[in-house]
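Every chain is numbered from 1, with letters handed out A, B, ... down the list of sequences.
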Number of protein chains: 2
Amino acid sequence: MSDHATKFKREPAEQRKEALIQATLSLIAEQGLQGATVRAIAERASVTQGLIRHYFSSKEDLITAAYDFHMRRLTDMTSAPADGDYSTARLRLATFVTTGLTHPVVDPGSVSLWAGFLNKVLADDKMQAIHEQTYRDFRDRLESLIADALNEVGIPASPAELRRLAIACNAVVDGLWMEGGALPYAFEPDELPKIGLASVGAIIGVELTDLEQRQT
Amino acid sequence: MSDHATKFKREPAEQRKEALIQATLSLIAEQGLQGATVRAIAERASVTQGLIRHYFSSKEDLITAAYDFHMRRLTDMTSAPADGDYSTARLRLATFVTTGLTHPVVDPGSVSLWAGFLNKVLADDKMQAIHEQTYRDFRDRLESLIADALNEVGIPASPAELRRLAIACNAVVDGLWMEGGALPYAFEPDELPKIGLASVGAIIGVELTDLEQRQT
DNA sequence: ATTATAATTATACAGTTGCATAATTGTAGG
DNA sequence: CCTACAATTATGCAACTGTATAATTATAAT
């Protein structure tokens with residue numbers, strides 16, 4: 001009679017780690033950092049709290065890993081559709097902006113998550129490094145899309161100019177992203193991407209709004 | 001001999017309340033919401049913890065009051081210099097943008113504070129109401145400045161257009177504000193206001209960068 | 001089947017948290 | 001001067017926190 005109801009299952013390390021990270025992220029999104037206690041995380045991941053210590057040397061270690069995971073995912077979600085777009089540079093830029101200002105990138109949970117981490121970012125060096133890294137990745141990606149679009153219309157820009165344009169466009173996208181996440185019902189469904197396209201277009205001096213509708 | 005060293009002093013209610021709020025804000029700015037425990041707040045305000053309960057019915061009550069106080073101050077700091085400017089509408093708008101992108105409005109503590117509150121904002125109705133209120137105040141202020149500037153150069157805009165422009169400009173300013181606060185050493189001292197002016201100018205189609213230097 | 005071992009659970013602990021309640025004490029009005 | 005009362009301190013408590021350590025148990029290799 002070996003029918004003892006098995007009390008737990010062993011999972012591959014990476015899978016468990018990610019499950020714990022996901023549990024952590026969902027808790028922070030819902031209740032902020034304070035809601036992410038080891039016990040709450042363990043419960044949400046259907047695991048006992050001791051296991052967290054087995055995979056992460058401390059709670060801070062888990063938080064750091066979760067932050068890295070979230071920021072990477074955010075950047076990837078925004079970049080992916082534009083990366084697969086091989087039409088014109090302008091359209092690629094437009095796709096990037098539109099994606100970054102549409103669900104699921106724009107989402108209360110995402111914004112809450114980002115905000116929840118921010119004060120740790122300013123206090124902890126490791127967090128600061130991750131923040132700087134992901135910010136630069138995102139902005140560099142945007143800068144190269146802008147450079148391509150400007151070349152395409154025959155108005156290339158100097159490196160210094162490109163830097164300024166990238167910072168500005170990044171700010172518009174970030175700002176709209178935040179507002180959309182923080183006030184989900186304050187904007188029409190298509191309003192944010194439209195405003196984003198018009199603004200980025202105005203800043204770099206290239207028309208972007210009419211491009212999106214066309215079928216290849 | 002009535003020289004017993006007086007153990008405490010009675011302060012007017014409003015003054016004590018504000019002292020407690022200031023202590024709360026400085027703690028959240030430095031360490032996030034988690035650092036703002038009743039004991040830490042009391043100590044920073046040079047008071048014992050029981051007193052907090054005497055002025056605020058709960059910790060949440062204090063946090064809410066602190067949030068309201070901070071957001072009001074942020075909006076006021078940004079608006080004040082532009083309000084006292086009676087030259088041209090364009091200059092007033094430029095002053096508004098510049099002020100919002102310069103110290104002390106741009107400041108790691110301010111951003112940290114704002115972020116620390118955000119997840120509470122999404123969860124708590126009272127906080128949500130305060131957030132919506134201050135956001136609208138700020139954006140409406142910006143919208144009226146934009147409207148004046150456009151009228152001044154003879155290109156008035158429709159209400160719907162004005163709304164879009166205000167949302168976009170608000171996003172630029174907010175985005176730059178955040179980036180400046182989150183990465184204090186990533187930008188040159190004058191870089192953010194310059195980029196802000198150029199971007200807002202580009203979005204609404206009015207030159208703003210050359211105005212600031214002129215002496216009346 | 002047995003065994004070795006890592007994955008997982010179980011238990012314990014000292015410190016911290018928000019809050020309630022009681023005990024003081026400054027101070028304005030008589 | 002003193003008296004009343006609110007402002008403030010003092011003390012206590014139950015719940016929760018992160019972490020350490022020991023006890024189980026699934027599972028792959030033998």
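- Counting only N and O atoms by type, the side chains of B/R44 and B/S26 include a donor and acceptor under 3.5 Å apart.
- An OP1 or OP2 oxygen of C/dT9 is reached within less than 4.0 angstrom by no side-chain nitrogen or oxygen of A/K7.
- Remark: the backbone N or O of A/D107 is not paired with any side-chain donor or acceptor of A/S110 at under 3.5 angstrom.
- Closest-nucleotide positions on DNA chain C for A/Q49 and A/I52 were compared, and the one nearer the 5' end corresponds to A/I52.
- When rounded to the nearest whole Å, the span between CD of B/Q15 and P of D/dA7 equals 14 Å.
- Near DNA chain D, defined here as any heavy-atom distance below 4.0 Å, the residues from residues 16-41 of chain B are B/R16, B/R39, listed numerically.
- Across all strands, B/E11 comes closer than 4.0 Å only to sugar-phosphate atoms, never to a base (heavy-atom distances).
- Pairs engaging residues 122-132 of chain B under the side-chain hydrogen bond (donor to acceptor under 3.5 Å, both in side chains) rule: B/Y67-B/H131 [sequence neighbours left out].
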Inset, instruction - Kindly determine whether A/Q31 and B/N119 satisfy side-chain hydrogen bond (donor to acceptor under 3.5 Å, both in side chains), including the steps that lead there. - result: CA-CA 7 Å; A/Q31 314 174 28; B/N119 34 43; over 6 Å; no
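- Expressed to the nearest 0.5 Å, how far CD1 of B/I203 lies from CD1 of A/I203 amounts to 4.5 Å.
- One can place CZ of A/R53 at 17 Å from P of C/dC13, the figure rounded to the nearest angstrom.
- Phosphate proximity of D/dA7 to B/H54: present, with a side-chain N or O under 4.0 Å from OP1 or OP2.
- Of the residues A/E18, A/K17, A/E11, the one that meets the side chain to side chain donor-acceptor pair (under 3.5 Å) test with A/Q15 is A/E11.
- Within the 4.0 angstrom heavy-atom criterion, no nucleotide atom of any strand lies near A/F56.
- Considering only side-chain N and O atoms, B/Y55 lies nowhere under 4.0 angstrom from the phosphate OP1 or OP2 of D/dA7.
- The distance between atom NZ of B/K9 and atom C1' of D/dT9, rounded to the nearest whole Å, is 17 Å.
- A side-chain donor-acceptor contact under 3.5 Å links B/T64 to the backbone of B/E60.
- Set against D/dA20, D/dA7, C/dT9, the side chain of B/F8 has D/dA7 as its closest nucleotide.
- Nucleotide C/dT17 holds its C1' atom 16 Å from the CD atom of B/E60, rounded to whole Å.
- Residue B/T48 places none of its side-chain N or O atoms closer than 4.0 Å to OP1 or OP2 of D/dA10.
- Residue A/R10 is in base contact, counting any heavy-atom pair closer than 4.0 Å across all strands shown.
- Of the candidates D/dT8, D/dT27, C/dA7, the closest approach to any side-chain atom of B/L51 belongs to D/dT8.
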